[in-house]
Each structure stands twice: as C-alpha cells, then as structure tokens.
Amino acid sequence: KGTFVVLASGRGSNFQAILDRVSDGYIPAVCTALITDNPLAHAIERARAAGIPGEVVSFKSFSDKQAYETALIATIQKYNPDLVVLAGYMRILGSEIVRKYSGRMVNIHPSLLPSFTGLHAQEQAVNYGVKVAGCTVHFVTEDMDAGPVIIQRTVPVFENDDGDILSDRILVEEHKAFPQAIRLFFQGRLTIEGRVVKIDTNQAPSPGRD
Ligand code: GAR
C-alpha cells in the first residue's frame with residue numbers, strides 16, 4: 001500500500017477526516033506520520049489517538065527558515081512517503097521542499113481558487129460579496145495557492161454570513177474533498193498536464209466510490 005504523511009498546524013479536523021476515511025477503507029493508503037510546526041497543535045492529540053507518530057518540527061526552535069525547512073525535509077524523509085498532505089499547514093514552503101515533492105504534495109485551501117488566496121479566505125469571500133464559495137484541493141507548486149487543481153466543492157454564501165459561519169459551511173465540504181483527492185491519487189487516477197489535472201474515469205466503479 002502507498003503511504004502519506006500529513007502536515008498540520010492546528011485543529012486538525014481535515015487530518016481527522018482523512019484518518020477516518022483511511023480507517024473505513026475509502027483511502028487505499030496508510031498515514032505514517034503527523035508532522036506539525038506548532039507544539040500546541042490539537043492535531044498531535046488526534047495522531048496519538050490514532051496510534052500514528054506525531055513529529056513536532058517547531059519553526060521557533062530554528063534560527064531561520066532555511067534551517068527549519070532542512071529539518072522538515074529530514075523529518076518527512078524518515079517516512080519516505082509517496083504523498084505529502086498539507087492539511088491546515090499554515091506556512092509557505094520554500095522552493096527546495098516544493099521541488100522535492102513535485103507532483104506528490106497536495107494542499108487544501110478554503111476558497112474556490114484562484115479567488116481569495118492566502119489567509120482568511122472565507123472572510124475575504126464574505127467581504128467581496130460572492131454568492132458561491134468553497135474549497136480547493138490542489139498540487140503544491142512554488143506559487144502560493146496556485147498549483148494544478150484536483151477537486152473543488154462549492155457552497156452557497158448567504159447574506160447574513162460572516163467569516164466563521166461560512167468557514168463552518170466550507171469545512172464540511174473540505175472533509176469530503178480532501179479524502180476524495182487523496183483516494184484518486186492513490187488509485188493512480190491523477191495526471192498533471194501543464195496546469196491541468198486529468199482524472200481517469202475509465203476505472204471500474206468500486207464499492208466505496210462517491
Ligand atoms: C482549513 O479550513 C484549511 O482549508 C485552512 O485551514 C483550516 C485548517 O483546519 N487552510 C488554509 O487556510 C491554508 N492557507 P483544520 O486544522 O481543522 O483542518
């Protein structure tokens with residue numbers, strides 16, 4: 001079976017949703033580690049509960065970003081994963097690490113990219129006044145929130161929404177989209193052609209299929 005590691009900085013609800021879909025067999029792969037830059041991340045508790053190693057590579061304990069990323073790469077390499085999953089990992093990764101895992105690193109962002117990159121995407125959507133919002137799972141490239149799109153899921157935006165209400169609505173879809181994308185990756189159904197991801201639909205439907 002293929003393996004992946006998850007990088008998360010905080011709450012870890014996407015990490016949990018992914019673990020749940022590994023447990024029930026929907027994702028045909030094994031999660032071998034949780035890696036966090038934040039020693040207080042709740043994701044660490046989730047890893048412990050699932051019996052998965054939790055590695056803390058604390059940004060603050062390194063002198064600069066280069067030293068941090070060297071340590072981060074070394075930690076990821078300990079597990080030699082087929083895929084690196086950024087699930088609420090709130091730092092911009094440098095070019096060395098992004099190149100090293102080119103085509104093998106995915107991120108989730110709480111907007112319909114290319115709209116609303118960066119922080120507080122849901123609040124940006126409310127303030128802009130869009131009527132549809134959502135989430136995007138994409139391959140990671142050197143340009144932030146700009147890599148080839150794998151899956152997007154949408155939600156309506158209502159007039160009385162604020163950033164928190166919209167975040168909760170989008171999060172429900174994140175918890176579906178991320179497992180879907182990871183499943184497709186490990187089924188070998190994703191091909192990157194330029195900036196477009198092609199999804200192979202010529203595979204026999206299987207029981208867990210959405
Ligand atoms: C999620 O909404 C994710 O899309 C977002 O952070 C949240 C993490 O929640 N990521 C970004 O904004 C990346 N720029 P979680 O820790 O409960 O999965």
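Counting starts at 1 for both ligands and their atoms, in listed order.
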Considering only protein heavy atoms, which is closest to atom 5 (C) of ligand 1, and at what distance to one decimal place?
Pro110 CD, 3.9 Å
Do Thr136 side-chain atoms and His109 backbone N/O form a donor-acceptor pair below 3.5 Å?
no
His120 heavy atom under 4.0 Å from ligand 1:
no
I need the Thr117 OG1 to Gln124 CD distance, nearest 0.5 Å.
6.5 Å
Thinking salt bridges, do Arg91 and Asp37 make one under a 4.0 Å N-O criterion?
yes
So, is Glu174 polar-close to ligand 1, with some N/O to N/O distance under 3.5 Å?
yes
Rounded to the nearest 0.5 Å, what's the gap from CD1 on Ile76 to NZ on Lys100? Could you check?
9.0 Å
Near Arg11, which atoms of ligand 1 are under 4.0 Å from a heavy atom of that residue?
9 (O), 15 (P), 16 (O), 17 (O)
Restricting to heavy atoms, the pick from His109, Arg91, His42 nearest atom 14 (N) of ligand 1 would be His109
Is Gly12 near ligand 1, meaning one of its heavy atoms is under 4.0 Å from it?
yes
With only distance considered, is Ser13 within less than 3.5 Å of ligand 1 through an N or O on each side?
yes
Please list, chain by chain and in numerical order, all residues satisfying ring-ring contact (aromatic ring centres under 6.0 Å, His included) with Phe116, sequence neighbours excluded.
Tyr128
Protein contact of atom 13 (C) of ligand 1 - nearest heavy atom, named by residue and atom, plus distance:
Met90 SD, 3.8 Å
Could you identify the single nearest non-hydrogen protein atom to atom 8 (C) of ligand 1 and state the distance to 0.1 Å?
Gly88 CA, 3.7 Å
Test: Arg99 and Glu142 ion pair at under 4.0 Å
yes
Say you draw a straight line from CG of Leu72 to NZ of Lys65; how long is it, rounded to the nearest 0.5 Å?
10.5 Å
